[in-house]
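Not measured: the values here are computed from a predicted model. We number each residue from 1, following the sequence as shown.
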Amino acid sequence: MRATVLYSPGDVRCVEVADPKIIEPTDAIIKLTATCICGSDLWPYRGLQPVNEPAHMGHEYCGVVTEVGSAVKTVKPGQFVVGSFVISCGTCANCLGGWPSSCVNRQFMSGGQAPFARVPFADGTLLATPEMPPEDLIPSLLAASDVLGTGWFAADAARIQPGCTAVVVGDGAVGLMGVLAAKQLGAERIIAMSRHKSRQELALEYGATHIVTERGDVGVAKIRELTNSIGADSVLECVGTQESMMQAINACRPGGSIGFVGVPHGVSLDGQMLFFAQKNLLGGPAPVRRYLPHFFDLILSRKINPGKVFDLELPLEDVAVGYRAMDERRAIKTLLRV
């Protein structure tokens, strides 16, 4: 089959690879209906994360089960499934406690930018829809595999409560999903920090009430101006740089909460600063599998439309075009048809 492989920074190709096969009795093979390029895929693409050997790319996926191992009980061939980008067993203490993204058997999905994919620990990772979904909901169900869950976790970790004021740092796909989640969780004011018109428009559609274009200390000053000089109740950090993290911390009020989901690159925090700031910090990989049942309810009833975050659709063979478009910020998120 043809699949995406990253050979070195900037060198991503659709090439011939071996078809996936059942290896463990807990595995499933799925025929992907759609996959996509994630913002985190850009870290190695840009050379900001080591590429020591050719890497099979893709961790966001949905499709139809074609084969399962002998130990798989909860999904079967013919079912449409969505899976988390974090592979989880579903039976360890962390999974049972609601933290499948910290599963003691944790793996991270790879090889999803392809027509077929092997999913380990299928019972703990995949969830089947009640029936085959309509075609127009495929993008939204694909978003549930990672980007919606990651934005939702940012809002959840930031302890958004009905009536609160939330700030979203980052206007990529995750940040926009954070806006959507903040709205769903009841935030009264949602301040999206964005410099890009198309992203601002989508943020407003998803529920943002204010747009702040400034960054860094100037952006923080603007947030304080909008919050009676005290800061926001909840801040979602959806980028992963030193500047974005400090912007998030400084935009939050004492006693407030920061949910950080941007994979940190070069982020270093001063312990004494954190000690006197008196703000809550929670982040990490999103526990997507915990959220999937709720996402299915919202998406299949058409209460939310996270699929709008895909503003470029390409065939898998043109994957390199999709990476370039996202790298150059000409696309928010690229959907790949397989």
Within a strict 4.5 Å, meaning less than it, do heavy atoms of the [X] and [Y] side chains meet?
X	Y	answer
Val288	Val82	no
Cys62	Phe80	yes
Met326	Asp41	no
Phe108	His59	no
His196	Ile332	no
Phe260	Cys238	no
Arg290	Ser101	no
Leu141	Phe296	yes

request  = Report the C-alpha distance between Asn280 and Ile258 in whole Å, list the side-chain angles of each, state the deciding distance to 0.1 Å, and finish with yes or no for side-chain contact (heavy atoms from CB on, under 4.5 Å).
outcome  = CA-CA 6 Å; Asn280 301 289; Ile258 300 106; over 6 Å; no
Report whether [X] and [Y] are members of the same hydrophobic cluster (ILVMFWY, side-chain heavy atoms less than 4.5 Å apart, transitive linking).
X	Y	result
Leu298	Val179	yes
Val147	Val338	no
Val119	Met57	yes
Ile304	Leu202	yes
Ile37	Val263	no

Quick check for you: to the nearest 0.5 Å, what is the distance between [X] atom [atom1] and [Y] atom [atom2]?
X	Y	atom1	atom2	result
Phe121	Cys92	CZ	SG	9.0 Å
Thr74	Gln79	OG1	CD	8.0 Å
Lys308	Leu180	NZ	CG	11.0 Å
Arg118	Glu67	CZ	CD	11.5 Å
Met132	Glu135	CE	CD	11.5 Å
Leu236	Thr150	CG	OG1	11.5 Å

So if I apply the side chain to side chain contact (heavy atoms under 4.5 Å, CB included) rule between [X] and each of [options], which one comes out positive?
X	options	result
Thr165	Asp233, Asn228, Val235	Asp233
Leu314	Leu335, Val321, Val319	Val321
Met193	Thr213, Val168, Ile211, Val167	Val167

key: Whether over 12 other heavy atoms sit under 6.0 Å from Asp217 CG   = no
ask   = For Glu131, does the CD atom sit with more than 12 other heavy atoms under 6.0 Å from it, leaving out its own atoms?
value = no
query = Which residues satisfy the ring-ring contact (aromatic ring centres under 6.0 Å, His included) test with Tyr206, sequence neighbours excluded?
reply = none
Using a strict threshold of under 4.0 Å (side-chain N to carboxylate O), is an ion pair present between [Y] and [X]?
X	Y	answer
Asp311	Lys333	no
Lys197	Glu201	yes
Arg195	Asp171	no

task = Verify the distance criterion only: is there a donor paired with an acceptor across the side chains of Tyr291 and Asp156 at less than 3.5 Å?
result = yes
request  = Might you point out which heavy atoms bring Ala122 and Val75 nearest each other, and give the distance in Å?
outcome  = CB-CG2, 4.3 Å
key: Minimum-distance pair of heavy atoms, taken over all atoms of Ala320 and Val12   = CB-O, 3.6 Å
Donor-acceptor contact present, side-chain [X] to main-chain [Y], <3.5 Å:
X	Y	result
Arg2	Val17	no
Glu237	Gly240	yes
Lys279	Cys252	yes
Asp27	Ile22	no
Ser88	Gly124	yes
Asp19	Met1	yes
Asp11	Ser8	no
Thr35	Glu60	yes
Gln113	Cys36	yes
Thr26	Ala71	no

Residue list, salt bridge (Lys or Arg N to Asp or Glu O under 4.0 Å) with Glu214, at least two apart or on another chain = none
query = Phe295 vs Trp152 aromatic rings, parallel, tilted or perpendicular, using cut-offs 30° and 60°?
reply = perpendicular
request  = Quick one: sort the Trp99 and Phe153 rings into parallel, tilted or perpendicular, breaks at 30° and 60°.
outcome  = perpendicular
query = How far apart are the C-alpha atoms of Asn94 and Ser102, what are their side-chain angles, what is the distance that settles it, and do they pass the side-chain hydrogen bond (donor to acceptor under 3.5 Å, both in side chains) test?
reply = CA-CA 6 Å; Asn94 289 342; Ser102 284; 5.4 Å; no
